[in-house]
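Hydrogens, waters and symmetry mates are skipped; everything else that's a heavy atom, side chains included, is used. Indexing begins at 1, ligand by ligand and atom by atom, following the structure's order.
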Amino acid sequence: ITKKQQALVKVIVDAYDRHQIPQDVAKKLLQDQYSAEENFLLLTEMATSQVQVLVEFTKNIPGFLSLDREDQIALLKGSAVEAMFLRSAQVLNKKMPSGHTEVLEERIRKSGISEEFITPMFNFYKSIGELHMVHEEQALLTTITILTPDRPYVKDQLAVERLQETILDVLRKMCLLHHPQDPQYFARLLGRLTELRTLSHYHAEMLTSWRVNDHKFTPLLCEIWDV
Ligand SMILES: Nc1ccc(C(=O)O[C@H]2C[C@H]3CC[C@@H]2C3)cc1
């Protein structure tokens, strides 16, 4: 890993750490009572703050702000769901104070999300947990997801591809460094991104079923997902 790549990783990881879900949202998940309606409202608050965190984090990705402005929006809208599932996988898998993870899991299960989406969602969380990603890998994988060139409406895909390749290159080296016993580790990480794309289809249906049952969204969620 070159000095330049080390500097790049530092910028990304610092931004990733700086933009975390506010503790008050996480705390609320443990306090308020347990109705499906209450759980849904908490998830709405969690999703909204995750999108805000995503926007702030993305602005710190070197080169992102020099992309075409409309492409920046297209990348954010195209990656929000995947970044959110990655982030919530990391929240659920990190050693939260005992019992917190179960409470959060329970709230997600009891928030009006139909069973057919709950299963793939928790399978994903489990498959991420089993990878035991180091902190830098989590930040870089999220960055790679955001810098996906073939999102809808991206005009200058080449410019995005160049940025993504830079991150892919340093992540590949980092995986060999942190998981020398598993030369396939980098490939397995990227395989999770494929699983994420499947999840985002489920997510679109989740949104529709919530809307149909007249569940309220925040303006930010309506804007990022065109609902
Ligand atoms: N009004 C909404 C509430 C929650 C979401 C959402 O995507 O929630 C995400 C947070 C984690 C639990 C379900 C997904 C992952 C979307 C709209």
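Note on Asp14 versus Arg18: no salt bridge recorded, every NZ/NE/NH1/NH2 to OD/OE distance being 4.0 Å or above.
The only member of Leu75, Leu76, Leu65 that meets side chain to side chain contact (heavy atoms under 4.5 Å, CB included) when paired with Thr58 is Leu76.
A donor-acceptor pair shorter than 3.5 Å can be found between the side chains of Asp169 and Gln5.
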Can you pull every nitrogen or oxygen pair between ligand 1 and the protein closer than 3.5 angstrom?
from, atom 1, to, atom 2, distance (Å)
ligand 1, 1 (N), Thr44, OG1, 3.1
ligand 1, 7 (O), His203, NE2, 2.6

Point to revise | Check against side chain to side chain contact (heavy atoms under 4.5 Å, CB included), Ile144 and Leu171 | key: CA-CA 9 Å; Ile144 286 163; Leu171 180 59; 3.4 Å; yes

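Contacts classified as side-chain hydrogen bond (donor to acceptor under 3.5 Å, both in side chains) and involving residues 209-227 (residues at least two apart or in different chains) are given here: Thr48-Thr218, Lys77-Asp226.
His203 and Phe85 have perpendicular rings, their planes meeting at more than 60° on a 0 to 90° scale where under 30° would count as parallel.
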